[in-house]
Amino acid sequence: MRSKRIVHTPVLLHEVLEGLDLKTEGSYIDATGGEGGHLKEIAKKVKQALGIERNKEQLARIQELELTNVVLEKGNFAEIEKIAKKHGFENIDGILFDLGLSFWELVHLKKGFSYKKDEENLDMTLDETGQEKASDILNKYSKEELYEMFSRNAEEPKSEKIAEEVVRQRRERKFVNVSDLKRAIDSVFGAEDRRVYSRIFQALRMQVNNEKENLEKGLEGAVKILKIGGRLVVISFHSVEDRIVKKIMKKNNMELITKRISRYDDMSFERSATLRVAVKKI
Ligand SMILES: C[S@@+](CC[C@H](N)C(=O)[O-])C[C@H]1O[C@@H](n2cnc3c(N)ncnc32)[C@H](O)[C@@H]1O
């Protein structure tokens with residue numbers, strides 16, 4: 001039985017479709033299928049598209065849309081070259097990366113992605129490729145490794161203090177669920193701070209899923225399979241990701257034709273999405 005679908009509004013839909021410069025006969029890839037929001041609209045305008053999605057439950061949600069002209073693959077976009085080749089997608093006209101998690105995953109996977117779900121276990125794995133769970137990392141990493149993770153992935157100014165607190169608290173009790181991590185953060189700040197929760201949870205999720213390395217590999221692979229004149233469209237949600245996007249576009253001599261920052265409210269604090277559209281020149 002189909003689960004009731006929440007109406008999903010894809011981020012920056014109009015700008016993404018314009019950025020991809022869709023042509024009926026063209027060849028397009030959505031590297032982050034998610035709820036299929038962008039993919040569904042792409043599929044209306046082109047003959048054939050390829051969708052990649054790492055999470056199996058999320059992939060099942062796209063399959064429910066029954067997009068007959070879309071080939072779907074469960075996989076990691078780090079392998080985009082291989083996946084495209086497998087399905088005969090070459091000389092691609094446009095590739096989309098809409099990074100992070102979908103709202104549905106945050107709410108339904110129950111893996112401790114969100115600081116708002118105190119009782120959920122700190123798992124944070126997006127697929128079954130054998131990564132360590134978030135709780136394993138918190139219970140095992142040295143203070144220095146925790147510090148590196150929080151400061152590099154989240155640029156959290158109090159990373160050192162939070163790392164110290166994690167190590168101190170786990171001597172008394174292992175980290176299991178979301179509230180355990182919030183307790184350690186609260187001890188450093190003396191009060192609840194949702195911005196810090198958000199940054200630290202994100203840093204941990206990035207570590208569990210190897211997100212920075214996957215993004216670098218995925219973007220490099222995408223540039224290789226784009227045709228000259230093909231478009232790379234990327235939506236990122238924090239500066240660490242955006243810096244990687246910018247670096248890879250520049251390194252490959254791509255021409256940036258759009259940069260747009262869109263601010264939105266997320267439960268009373270402001271967040272932003274950065275869209276970059278670049279064209280392959282050589
Ligand atoms: C923000 S959502 C995409 C939403 C989508 N554009 C839409 O309109 O419904 C990002 C999706 O990318 C998936 N994802 C994250 N990392 C991935 C990776 N390395 N390879 C493939 N998919 C990934 C997540 O599971 C999530 O479903």
Side-chain angles (χ1 to χ4, degrees), residues 7-23 26-46 49-54 58 62 77-78 80 92-106 153-155 198-199 202 205-206 209 211-212 214-227 229-266 269-281:
V7 180
H8 169 76
T9 319
V11 176
L12 296 160
L13 177 61
H14 173 73
E15 292 82 353
V16 164
L17 298 180
E18 200 178 83
L20 286 169
D21 189 24
L22 301 171
K23 297 177 210 73
S27 184
Y28 297 88
I29 301 179
D30 183 343
T32 51
E35 283 286 279
H38 288 112
L39 199 49
K40 192 172 71 185
E41 297 306 318
I42 294 168
K44 284 182 190 163
K45 295 186 163 55
V46 306
L50 168 65
I52 303 172
E53 171 53 55
R54 185 174 179 182
Q58 188 66 89
I62 314 178
F77 59 54
I80 191 166
I92 314 298
D93 291 84
I95 303 180
L96 167 66
F97 288 76
D98 177 14
L99 303 172
L101 297 187
S102 70
F103 181 69
W104 185 86
E105 287 173 322
L106 275 175
N153 293 356
E155 302 181 319
S198 173
R199 285 202 286 270
Q202 174 187 289
R205 188 200 80 209
M206 287 168 76
N209 295 294
E211 292 185 23
K212 286 192 296 191
N214 287 332
L215 182 57
E216 295 219 6
K217 272 177 89 179
L219 293 175
E220 289 284 9
V223 178
K224 285 203 187 113
I225 57 175
L226 274 177
K227 60 159 73 154
R231 304 276 185 98
L232 180 60
V233 177
V234 189
I235 305 173
S236 61
F237 294 88
H238 55 87
S239 52
V240 175
E241 276 174 354
D242 185 51
R243 231 172 279 140
I244 294 174
V245 178
K246 192 173 153 186
K247 180 183 88 181
I248 297 208
M249 287 177 168
K250 201 167 164 205
K251 180 178 158 214
N252 288 286
N253 300 307
M254 298 187 85
E255 182 192 355
L256 183 72
I257 55 168
T258 308
K259 180 184 173 196
R260 178 150 174 208
I261 299 175
S262 163
R263 298 195 196 283
Y264 60 95
D265 246 17
D266 179 15
F269 69 86
E270 199 181 68
R271 294 168 70 87
S272 68
T274 303
L275 168 81
R276 285 182 189 267
V277 181
V279 182
K280 178 166 167 172
K281 287 291 179 191

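Counting begins at 1 with the first residue of the sequence. Remember, it's a predicted structure, so these values are computed and weren't measured experimentally.
F237 places a side-chain heavy atom less than 4.5 Å from the side chain of D98. For the pair I225 and I29, the minimum side-chain heavy-atom distance is below 4.5 Å. The closest side-chain heavy-atom distance from L96 to V16 is below 4.5 Å.
Taking the charged nitrogens against the carboxylate oxygens, R243 and E155 do have a contact shorter than 4.0 Å, which makes a salt bridge. The pair K217-E220 does not count as a salt bridge, with every side-chain nitrogen at least 4.0 angstrom from each carboxylate oxygen.
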### Task
Test V245 against L219 for side-chain contact (heavy atoms from CB on, under 4.5 Å), laying out the working first.
CA-CA 8 Å; V245 178; L219 293 175; 4.1 Å; yes

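For the 3.5 Å distance criterion, the side chains of T258 and E15 fail to qualify, holding no donor opposite an acceptor.
Remark: side-chain polar atoms of N252 are not paired, donor with acceptor, to backbone N or O of K280 under 3.5 angstrom. Formation of a donor-acceptor pair under 3.5 Å by the S27 side chain with backbone atoms of D93 is not found in this model.
Applying the ring pair (Phe, Tyr, Trp, His ring centres under 6.0 Å) criterion to F97, with sequence neighbours excluded, gives F77.
Of the candidates K45, K44, E41, R231, K45 is the only one forming a side-chain contact (heavy atoms from CB on, under 4.5 Å) with L22. Of the listed residues (H238, R205, Q202, K212), just one forms a side-chain hydrogen bond (donor to acceptor under 3.5 Å, both in side chains) with N153, and that residue is K212.
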